[in-house]
Amino acid sequence: MAQKPSIPKGTRDFTPTEMNRRNYIFDTIKAVFRKYGYSPIETPAMENLSTLLGKYGEEGDKLLFKILNSGDYLSKISDEELAGKDSNQLSTRISEKGLRYDLTVPFARFVVQHRNQLTFPFKRFQIQNVWRADRPQKGRYREFFQCDVDVIGSNSLLNELELVQIIDEVFSLLSLKVVTKINNRKILSGIAEIIGQAEKIVDITVAIDKLEKIGLEGVNKELTEKEIPKEAIDKLQPIIKLAGNNTEKLATLKEVIADSEIGLKGIAEMEQIFKYLQQVDVACEVELDLTLARGLNYYTGAIFEVKSKDAEMGSICGGGRYDDLTGIFGMPDVSGVGISFGADRIYDVIEQLKLFPEKAIAGTQLLFVNFGEKEEAYCLPLLEKVRKAGISSEIYPDSAKMKKQMGYADSNHIPFVAIAGASEMEAGKITLKNMESGEQEMVVVEEMIEKFSR
RNA sequence: GUGAUUGUAGCUCAGUUGGUUAGAGCGCUGGAUUGUGGUUCCAGAGGUCGUGGGUUCGACCCCCAUCAUUCACCCCA
């Protein structure tokens, strides 16, 4: 046998069953997006590296898939450069395109480029795959789908509310119990300010984010390693350990960071969001979580993360507000807020919990058995009629043995089989067999179609 | 990038202290049943044991290298 074929690490093929289930997820997400007034866009799989580089931090740059220039890409490189073996230096010379890493940055690029054609606030959704040169592991792929919703060009916190409503609706439609965690970058900045470590904000938030994983001691250890002074760490303790319900948490926080203007602003924002939430009907848990600190450099306000309550999995949806994302592309002072549903992780969770509905795998409803030339000629017009009536149907392409044809219907979960041989042809009818019950009866086409339309 | 794990039939996996011809279940093909599937019975096809070296009279098994896999860390959907 020839060598076994394979696909790149962290990528996947999708079988028909998997595709039907994935589409079930995409369709429900899409429907909700549309319902809230968002319009679809798409952007290319590849972007210029200049638009991608530097947007995701140092780590992010490493995880970008780069595309080699076409043609003789080494021709313009000098021998000295080659001999230098500086991969980073060289890569910018031989590669100027890369696969998109997320949908947010391409969206920002899109907005800047098409600003004249857009009406703000602009609400868009985008469902496409993204690529990261990460090491794959559980719930982590190198090619995966994100389902983004963003609204750009509006500072209103109504948008944050709307996103929570969308989260709530999507996951309740998918029958998943989730908790939505909210934090605010301004509060985090305020905290860093109060303890006099404003410039260490990223280190601090990254460390605090690991509370659940490595515990209080671990967090403190990491803070020490990041050269945060002991007094500052001591000051942080009540904040890391903050407990109570959302309003209680906000109240304590307010006292602790009373001297930080930006911190108070963040608290005011959170209070407003929670106030909005009381005015609408949101079923899922919404929880203020200070340990939530997405690493993305561009969030400036609210930060969101959604986790399944019943499955062990990283976040299945995340996002936040970014005040100046388009600034890097020369369009300052445009604020946006958005979230991204991780379709592949959502799939894994639903699969794990066995919550895929049967109808998510609906395919062919009716199979015509093929007995030979004469019978084919008899069935073809009938098949046409059935299809015109909107019933997914097919005829077995060869006059194979009954056993084979029935087996085909069976393994494809086709619920009904139409059999037409000499006696049926004579009577101008078809035998319709119910594959589940085994019952069968001779009927005319119209009767058969009638049965399906019920 | 760091640390582990596993690699045997299409799939999931057995395989004794190193010993002759490497097994099972599922799936597949054919038959029992040439107009009746999902159940049952019978038969059959299918493997350079990831790859390359080494040790040995002899290697699926031991050693080294390499590639691939999965999991964790970093980071993240």
Side-chain angles (χ1 to χ4, degrees), chain A residues 1-10 15 25 29 56-64 87 100-104 127-148 202 205-207 209-210 213-214 218 222 225 292-297 304-308 312-320 338-349 367-372 375 396 399-425 430-440 442:
Chain A
M1 194 173 51
Q3 81 197 54
K4 270 190 200 175
S6 64
I7 54 176
K9 194 194 321 204
T15 61
I25 294 174
I29 288 177
Y56 309 105
E58 210 177 310
E59 284 295 319
D61 284 355
K62 279 188 211 156
L63 300 181
L64 281 173
S87 306
R100 68 167 103 80
Y101 178 90
D102 71 358
L103 301 179
T104 309
I127 298 179
Q128 288 186 278
N129 41 193
V130 303
W131 294 268
R132 295 184 188 177
D134 218 350
R135 283 237 184 154
Q137 52 183 282
K138 191 177 182 175
R140 172 175 297 189
Y141 306 99
R142 295 183 124 180
E143 178 185 55
F144 60 99
F145 269 79
Q146 290 194 326
C147 313
D148 272 38
V202 174
T205 53
V206 165
D209 193 24
K210 294 180 192 159
K213 227 175 204 172
I214 60 179
E222 177 147 338
E225 280 164 10
L292 202 196
R294 300 282 85 199
L296 292 179
N297 304 345
F304 301 101
E305 177 172 292
V306 181
K307 297 198 81 172
S308 163
E312 200 57 46
M313 179 63 69
S315 63
I316 51 180
C317 178
I339 49 171
S340 177
F341 290 80
D344 305 83
R345 285 189 175 176
I346 292 171
Y347 182 103
D348 291 347
V349 170
L367 174 79
F368 281 83
V369 170
N370 188 331
F371 282 128
E375 291 84 351
Y396 197 87
S399 71
K401 286 182 184 164
M402 266 296 247
K403 182 185 168 77
K404 175 124 179 146
Q405 301 195 39
M406 297 301 280
Y408 175 84
D410 192 50
S411 61
N412 285 310
H413 305 107
I414 298 173
F416 291 95
V417 169
I419 303 165
S423 50
E424 284 87 355
M425 280 159 65
I430 337 163
T431 294
L432 181 67
K433 174 168 175 135
N434 181 327
M435 290 297 278
E436 206 190 331
S437 64
E439 290 167 13
Q440 54 187 62
M442 260 230 267

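It should be emphasised that the depicted structure is a prediction, and the values quoted were computed from it without experimental measurement.
- Checked against B:G35, B:C75, B:G37, the side chain of A:M406 finds its nearest nucleotide in B:G37.
- A donor-acceptor contact under 3.5 Å is formed by the side chain of A:D410 with the base of B:G37.
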Can you give me the N/O atom pairs linking the protein to nucleotides 27-33 of chain B at distances under 3.5 Å, or say none if there are none?
{"unit_1": "B:G31", "atom_1": "OP1", "unit_2": "A:K401", "atom_2": "NZ", "d": "2.4"}
{"unit_1": "B:G31", "atom_1": "OP2", "unit_2": "A:K401", "atom_2": "NZ", "d": "3.0"}

Expected rows: protein N/O vs nucleotides 41-45 of chain B N/O, under 3.5 Å:
none

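- Rounded to whole angstrom, the span from the CE atom of A:M402 across to the P atom of B:G38 amounts to 12 Å.
- Nucleotides B:U8 and B:C61, compared at atom P, are 13 Å apart to the nearest Å.
- B:G35 sits 40 Å from B:G23 when the C1' atoms are compared, rounded to a whole Å.
- Per the geometry, CD belonging to A:E436 stands 17 Å off C1' belonging to B:U36, to the nearest Å.
- Backbone-only contact: A:I316 has heavy atoms under 4.0 Å from sugar-phosphate atoms and none from a base.
- At the heavy-atom level, A:Y141 lies under 4.0 Å from base atoms of the strands shown.
- Counting any heavy atom pair closer than 4.0 Å across all strands shown, A:E424 reaches a base atom.
- Side-chain contact, A:D148 with A:S340: a donor N or O sits under 3.5 Å from an acceptor N or O.
- B:G37 sits 13 Å from B:G31 when the P atoms are compared, rounded to a whole Å.
- Looking only at side-chain heavy atoms (C-beta outward), A:M442 and A:E424 come within less than 4.5 Å of each other.
- Among the nucleotides B:G37, B:C76, B:G35, the one closest to any side-chain atom of A:A422 is B:G35.
- Annotation: B:A45 and B:U33 have their P atoms spaced 23 Å apart (nearest Å).
- In this structure A:Q137 satisfies the side-chain contact (heavy atoms from CB on, under 4.5 Å) test together with A:R140, sequence neighbours excluded.
- Atom pair A:R142:CZ and B:C76:P shows a separation of 17 Å (rounding to whole Å applied).
- A:G314 comes within contact range of no nucleotide atom at all, as no heavy-atom separation falls under 4.0 Å.
- Taken together, the paired segments of RNA chain B that extend over three or more consecutive Watson-Crick or G-U pairs, each closer than 3.5 Å at both contacts, are B:1-4 with B:70-73, B:10-13 with B:23-26, B:28-32 with B:40-44, B:50-54 with B:62-66.
- Side-chain N/O atoms of A:Y56 and A:D102 include a donor and acceptor closer than 3.5 Å.
- The distance between atom CE of A:M435 and atom C1' of B:U39, rounded to the nearest whole Å, is 14 Å.
- By the 5.5 Å and 30° criteria, A:F341 is not stacked with the base of B:A77.
- With contacts defined as side-chain heavy-atom distances shorter than 4.5 Å, the pair A:M402/A:F371 qualifies.
- Remark: A:A409 pairs with A:L367, A:I414, A:V417, A:M435 by the side-chain contact (heavy atoms from CB on, under 4.5 Å) rule, at least two apart or across chains.
- B:G54 and B:U12 are spaced 32 Å apart, taking the P atom of each and rounding to whole Å.
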Would you tabulate the pairs of protein nitrogen or oxygen atoms and nucleotide nitrogen or oxygen atoms of nucleotides 69-71 of chain B closer than 3.5 angstrom?
{"unit_1": "B:C71", "atom_1": "OP2", "unit_2": "A:K138", "atom_2": "N", "d": "3.3"}

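- Seen from the ring of A:Y101, A:R132 counts as a face-on cation partner, given the 6.0 Å and 45° thresholds.
- A:Q440 contributes a side-chain N or O that forms a donor-acceptor pair with the base of B:U36 under 3.5 Å.
- In terms of polar N and O atoms assigned as donor or acceptor, the side chain of A:R132 never comes within less than 3.5 Å of the base of B:C76 in a complementary pairing.
- Rounded to whole Å, atom P of B:A77 lies 13 Å from atom CG of A:D344.
- One interatomic measurement links the two molecules: NZ of A:K62 to P of B:G1, which rounds to 10 Å at whole-angstrom precision.
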